[in-house]
Amino acid sequence: MTEIPLSARARAITDSITLAITARAQAMKAQGIDVVSLAAGEPDFPSPDEVREAGIRAIREGQTRYTSATGMADVRAAAAAWFRRHYGLPYEAGDVIVTAGAKPALMLALMAVCEDGDRVLLPAPFWASYTDIVKLAGGEPVIVPAVPEQDFIHSGAQIARAARESGAKGIVLNWPNNPSGAVPTREQVEEIVAEAIAAGLWILSDEIYARLVYDGREHYSPARCKGAFGRVLVVNGGTKSHSMTGWRIGFLAGPRAVVDAAGRILSQAMGNACTISQRAVLAVCNETDDSALRERLRAYDERRRFVVGAINRIPGLRLATPHGAFYALIDAREACARLRIDDVQLTERLLADAKVALIPGGPFAIPGFIRLSYAASMKEIEEGVRRIAAYLS
Ligand code: PMP
Ligand code: GLU
C-alpha cells in the first residue's frame with residue numbers, strides 16, 4: 001500500500017503488450033505447461049560469434065567505464081560509415097548517437113522534437129509501444145487506420161488527408177513493418193514522404209528490421225527521399241539482424257541539431273549505452289562478410305513460406321505474404337466472427353486452451369488480426385501452427 005500518487009504520465013502508460021504476453025508464456029512454461037511461444041519478436045539465433053567475442057574482449061581489456069554519453073567516438077564513426085554503406089545515408093559521426101537499444105532512440109527522438117500536445121501520426125498497424133512512447137514525450141498519437149486491402153501500405157493521399165485533418169506535426173514510419181511485414185517500394189516511400197514533407201511533418205523512421213527483407217525486396221530509407229534528409233530522424237541497429245536483443249544497443253541518426261538535443265537528454269536521463277555492448281556492436285558496423293546474416297535470412301524465409309502456406313489452409317484465417325521482418329499478421333476476422341469473440345479473446349483462448357502464445361492485433365491498431373512471430377525454430381512453428389489449426393477446426 002502506497003500513499004504516493006502516480007503522475008498523469010505514469011497513469012497513461014500500459015505495460016509493453018509484447019513483453020507482457022511473452023512473460024505470461026514464460027511463466028506458464030516455468031509451471032511445467034508445454035507452451036509454444038510465437039509471441040516475442042526476438043530472434044532465436046544466438047548473437048554472432050564476432051559480437052560475443054568483442055564483448056568478452058571488452059571485459060578482459062577492462063573497457064567497463066563510463067563513455068561519452070552519446071557513445072564512443074569510434075563507435076559513432078563506425079555507425080555513420082555503416083549507415084552510408086548499407087543504407088545510402090551520408091551521415092558523419094556527429095550525426096549519430098549510440099543508445100541502449102532502438103526503443104530509447106525512439107523515446108529520445110520524440111522528446112527532442114515533441115511539444116506537449118503535438119499530434120503525431122501513426123499509420124496502422126504499428127508496433128504497440130509507439131502510442132505510449134509518443135505519450136511519454138508529451139505528444140498525442142493519431143492513428144491512421146490500417147489498409148489491409150492495400151497490402152498495408154498507405155497512399156500519399158491518405159497520409160496527406162490524415163495530416164490535414166489532425167494538424168499533426170510529425171509521423172512515425174516503420175518499414176519493414178512490425179507487425180505486418182510490409183516493405184513498400186521505393187516509389188511508394190517517395191510518395192508518402194513527399195506528402196509528409198508537403199504537410200510540414202517531421203519524420204521518425206524506425207528501420208530496425210531494414211536488413212530483414214525477402215523476395216528481392218529492397219529497403220529504401222525515407223531519409224533518402226527527395227528533400228527529406230533534413231526532416232527525417234532514423235532509428236536503426238543490430239537488435240534484429242544480429243540477434244542482439246539483450247545487449248541493449250542502437251543508433252539514432254539525423255539532423256545534427258536534433259541529434260545533439262537528443263544526446264543532451266540522453267546525458268541527463270540515461271547516460272551512455274553499456275560500454276561492453278558498444279564494443280560488441282562495432283562487430284556489426286564493421287562486418288564485411290555477410291554470409292552468416294544471409295544464412296539467418298534464408299532460415300527466416302523458409303519459416304515465412306511455411307507459415308504462409310499453413311495458415312492459409314486453416315479455416316477462418318487468411319495471411320497475405322509478408323515481405324520483411326519476421327512477423328505474420330494473420331487476418332482472423334472470420335474466425336473471430338464464427339466464435340463471436342474478438343482478437344484479444346482469441347489470443348487468450350489460444351494461450352489458455354491450445355497453449356500457443358500469439359499477440360492480438362488490437363494493440364497494433366488492427367483489431368481482428370493476430371500476430372505470429374516466426375523468429376522461432378521450425379519445430380516450434382510447426383507445432384504452434386498445428387495447435388492453432390486443431391483449435392480452429
Ligand atoms: N522498433 C520496433 C518496430 C520493434 O519491433 C522493436 C522491438 N524490439 C523495437 C523498435 C525496439 O528494439 P530494441 O530492442 O533495440 O529496443
Ligand atoms: N519488439 C518486440 C516485439 O514486437 C518485443 C520487444 C519489445 O516489445 O520491446 O515483439
Side-chain angles (χ1 to χ4, degrees), residues 13-26 37-45 47 51 71 79 97-110 122-134 136 141 152 171-183 204-213 219 221-222 233-253 266 270 273-274 277-278 280-281 284 300 322 324-329 347 357-366 369-376:
I13 302 307
T14 56
D15 251 328
S16 157
I17 180 85
T18 48
L19 296 181
I21 293 180
T22 305
R24 203 182 307 160
Q26 271 161 0
S37 184
L38 305 177
E42 171 155 43
D44 58 316
F45 297 108
S47 310
V51 166
I97 60 173
V98 185
T99 57
K103 201 181 272 193
L106 293 165
M107 180 80 237
L108 290 164
L110 288 165
L122 301 179
F126 50 79
W127 181 40
S129 291
Y130 287 167
T131 37
D132 282 0
I133 299 177
V134 168
L136 277 173
F152 302 105
I171 185 167
V172 183
L173 300 176
N174 168 224
W175 299 309
N177 182 262
N178 174 6
S180 73
V183 182
L204 175 54
S205 180
D206 180 349
E207 305 181 23
I208 196 68
Y209 296 97
R211 304 219 38 210
L212 303 181
V213 290
H219 168 71
S221 172
L233 291 157
V234 177
V235 171
N236 208 328
T239 308
K240 309 293 179 173
S241 59
H242 290 72
S243 312
M244 290 188 72
T245 47
W247 293 84
R248 310 310 305 137
I249 195 86
F251 306 125
L252 172 66
L266 168 69
M270 301 168 183
C274 172
S277 302
Q278 290 191 53
V281 84
V284 176
Y300 288 135
F326 37 53
Y327 304 107
L329 185 61
T347 54
L358 304 170
I359 311 279
F364 299 107
I366 185 147
F369 288 65
I370 54 178
R371 191 194 77 174
L372 178 155
S373 163
Y374 54 86

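Just so you know, ligand 1 is whichever comes first in the structure, and atom 1 is the first atom listed for that ligand. Because the structure is a prediction, the values reported are computed rather than measured.
The shortest N or O to N or O distance between Asn174 and ligand 1 is not below 3.5 Å. Residue Ala102 has at least one nitrogen or oxygen atom sitting less than 3.5 Å from a nitrogen or oxygen atom of ligand 1, judged on distance alone. Residue Thr239 has at least one nitrogen or oxygen atom sitting less than 3.5 Å from a nitrogen or oxygen atom of ligand 1, judged on distance alone.
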Pairs under 3.5 Å, N/O atoms on ligand 2 and on the protein: can you put them in a table with the distances?
unit_1   : atom_1 : unit_2 : atom_2 : d
ligand 2 : 1 (N)  : Trp127 : NE1    : 3.4
ligand 2 : 4 (O)  : Trp127 : NE1    : 3.3
ligand 2 : 4 (O)  : Asn178 : ND2    : 3.0
ligand 2 : 4 (O)  : Arg371 : NH1    : 2.9
ligand 2 : 8 (O)  : Ser16  : OG     : 3.3
ligand 2 : 8 (O)  : Thr18  : OG1    : 2.5
ligand 2 : 9 (O)  : Lys103 : NZ     : 2.7
ligand 2 : 10 (O) : Gly41  : N      : 2.7
ligand 2 : 10 (O) : Arg371 : NH2    : 2.8

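Of the candidates Ile366, Asn178, Thr347, Arg371 forms a side chain to side chain contact (heavy atoms under 4.5 Å, CB included) with just one, namely Asn178.
With rounding to the nearest 0.5 Å, the separation of CG in Leu38 from CD1 in Ile359 is 10.0 Å. In this structure, Met107 CE and Met270 CE are separated by 7.0 Å, a value rounded to the nearest 0.5 Å.
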Cut-off 3.5 Å, no hydrogens considered: what does the side-chain donor-acceptor table look like for residues 17-24, sequence neighbours left out?
unit_1 : atom_1 : unit_2 : atom_2 : d
Thr18  : OG1    : Ser16  : OG     : 3.1
Thr22  : OG1    : Thr18  : O      : 2.6

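Within the 3.5 Å criterion, the main-chain N or O of Asn174 finds no donor-acceptor partner in the side chain of Asp206. With Ser277 contributing its side chain and Trp247 its backbone, the two residues share a donor-acceptor pair below 3.5 Å. Formation of a donor-acceptor pair under 3.5 Å by the Ser47 side chain with backbone atoms of Ser243 is found in this model. Checked by atom type and distance alone, the side chain of Lys240 pairs as donor or acceptor with a backbone atom of Gly41 at under 3.5 Å. Judged by distance alone, with hydrogens and angles left aside, the side-chain atoms of Glu42 form no donor-acceptor pair with the main-chain N or O of Ala375 at under 3.5 Å. Using a distance-only test at 3.5 Å, with no hydrogens or angles considered, no donor-acceptor pair links the side chain of Asn236 to the main chain of Phe251.
Near Lys103, with a cut-off below 4.0 Å to any heavy atom, the atoms of ligand 1 are 11 (C), 13 (P), 16 (O). When each atom of ligand 1 is checked for a heavy atom of Gly101 under 4.0 Å away, the hits are 15 (O), 16 (O). Near Asn178, meaning under 4.0 Å from any of its heavy atoms, are these atoms of ligand 1: 3 (C), 4 (C), 5 (O).
Contact annotation: Phe126 has no heavy atom less than 4.0 Å from any atom of ligand 1.
Here the heavy atom of the protein found nearest to atom 7 (C) of ligand 1 is Lys240 NZ, 3.1 Å. Among all non-hydrogen protein atoms, the one lying nearest atom 11 (C) of ligand 1 is Trp127 CH2, 3.5 Å. Distance from atom 1 (N) of ligand 1 to its nearest protein heavy atom, with residue and atom name: Asp206 OD2, 2.6 Å. Atom 14 (O) of ligand 1 has Arg248 NH1, 2.8 Å as its closest protein atom, hydrogens excluded (heavy atom only).
The proximity of Tyr130 to ligand 1, defined as any non-hydrogen pair under 4.0 Å, is limited to the side chain.
In terms of heavy-atom proximity, Ser241 sits nearest to Leu212 at CA-CD2, 4.2 Å.
A centroid separation of 6.0 Å or more is found between the aromatic rings of Phe369 and Phe364.
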